[in-house]
Amino acid sequence: MSVNVSNCNAEVAPREVRGSLVASQQLAITGGIMVSFWIDYGTNNIGGTGSSRSDAAWLVPMCLQLIPGLALGIGVLFMPFNPRWLVNHGRESEARNVLSSLRNSSAEHEPIELELLDIRAQSVFEKRTTASQWPHLVELTP
């Protein structure tokens, strides 16, 4: 899921905040690693050491890590389609609606139009590049 979050940041976030979102994500990942270390350290000796150690010593950390994973898994169900993917598949009106929803403005707002034009130009460029460099792949991509 952490790979998909960074991909979503790159595709959907406004240009002005992409760098800070990537840095925040990396900080969250590093902080999560630190928290998981301390949880493992704190639960390592539940019930004693050696053969008297309880199964909770490994069950507690395993169960705790399911919580953020489930939160991300459930949260992804509520994410809209990627506007770039929608434009690549000829669904520009949906892409406009998603962009306006993400940017919290009307669909006819000028920054939305400019971003949609940028996405459309990138899509055309990618399709033409694919057609010229890898013609055998053109029929596989809509």
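The figures here come from the full heavy-atom set of this structure, side chains too, leaving out hydrogens, waters and symmetry mates. Bear in mind that the values here come from a model prediction, so they are computed numbers and not experimental data.
Here the closest non-hydrogen pair linking Pro83 and Ala95 is O-CB, 3.7 Å. Between Val98 and Phe81, the closest heavy-atom pair is CG1-O, 3.4 Å. The two residues Val17 and Ala13 make their nearest non-hydrogen contact at CG2-CB, 4.4 Å. When all heavy atoms of Pro61 and Thr43 are compared, the closest pair comes out as CG-OG1, 3.2 Å.
More than 12 non-hydrogen atoms from other residues, nucleotides or ligands lie less than 6.0 angstrom from CD of Gln133. Residue-environment remark: CZ (Phe37) exceeds the threshold of 12 foreign heavy atoms within 6.0 Å. Around the CZ atom of Arg128, the shell of radius 6.0 Å holds no more than 12 heavy atoms that belong to other residues, nucleotides or ligands.
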Derivation of the side chain to side chain contact (heavy atoms under 4.5 Å, CB included) call for Leu64 and Val60:
CA-CA 6 Å; Leu64 285 176; Val60 170; 3.9 Å; yes
Side chain to side chain contact (heavy atoms under 4.5 Å, CB included), that's the test. Do Leu99 and Ile119 meet it? Break it down for me.
CA-CA 11 Å; Leu99 275 174; Ile119 291 171; 4.0 Å; yes
How far apart are the C-alpha atoms of Trp58 and Arg53, what are their side-chain angles, what is the distance that settles it, and do they pass the side chain to side chain contact (heavy atoms under 4.5 Å, CB included) test?
CA-CA 10 Å; Trp58 64 271; Arg53 183 179 301 164; over 6 Å; no
Step by step, work out the side chain to side chain contact (heavy atoms under 4.5 Å, CB included) result for Glu11 and Trp85.
CA-CA 9 Å; Glu11 296 280 332; Trp85 183 88; over 6 Å; no
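Atom OG of Ser123 is separated from atom CG of Leu116 by 10.5 Å, given to the nearest 0.5 angstrom. Asp55 CG to Met62 CE: the interatomic distance, rounded to the nearest 0.5 Å, is 12.5 Å. Going from atom CD of Glu16 over to atom CZ of Arg18 covers 8.5 Å, rounded to the nearest 0.5 Å. With values rounded to the nearest 0.5 angstrom, Gln122 atom CD is found 13.0 Å from Leu117 atom CG. Rounding to the nearest 0.5 Å places OG of Ser54 at 11.5 Å from CG of Asn45. Within the model, atoms CD of Glu92 and CZ of Arg120 stand 4.0 Å from one another, a figure rounded to the nearest 0.5 Å.
In this structure, Leu102 is not a member of the same hydrophobic cluster as Val87, with clusters built from ILVMFWY side-chain heavy atoms closer than 4.5 Å. Leu70 and Val76 are assigned to two separate hydrophobic clusters, defined by single-linkage of ILVMFWY side chains at heavy-atom distances under 4.5 Å.
Side chain of Arg103 to main chain of Ile112: no donor-acceptor pair is present (N/O by atom type, distance under 3.5 Å, no hydrogens or angles). At least one donor-acceptor pair closer than 3.5 Å links the side chain of Thr130 to the backbone N or O of Glu126. Looking at Lys127, its side chain does come within 3.5 Å of a backbone N or O of Asn88 through a donor-acceptor pair. Panel note: side chain His109, backbone Ser105; no donor-acceptor pair is recorded below 3.5 Å.
Considering Leu21, Ile29, Leu27 in turn, Ile29 is the only one that fulfils the side chain to side chain contact (heavy atoms under 4.5 Å, CB included) rule with Gln25.
Taking 4.0 Å as the cut-off between side-chain N and carboxylate O, Glu113 and Arg96 count as a salt-bridged pair.
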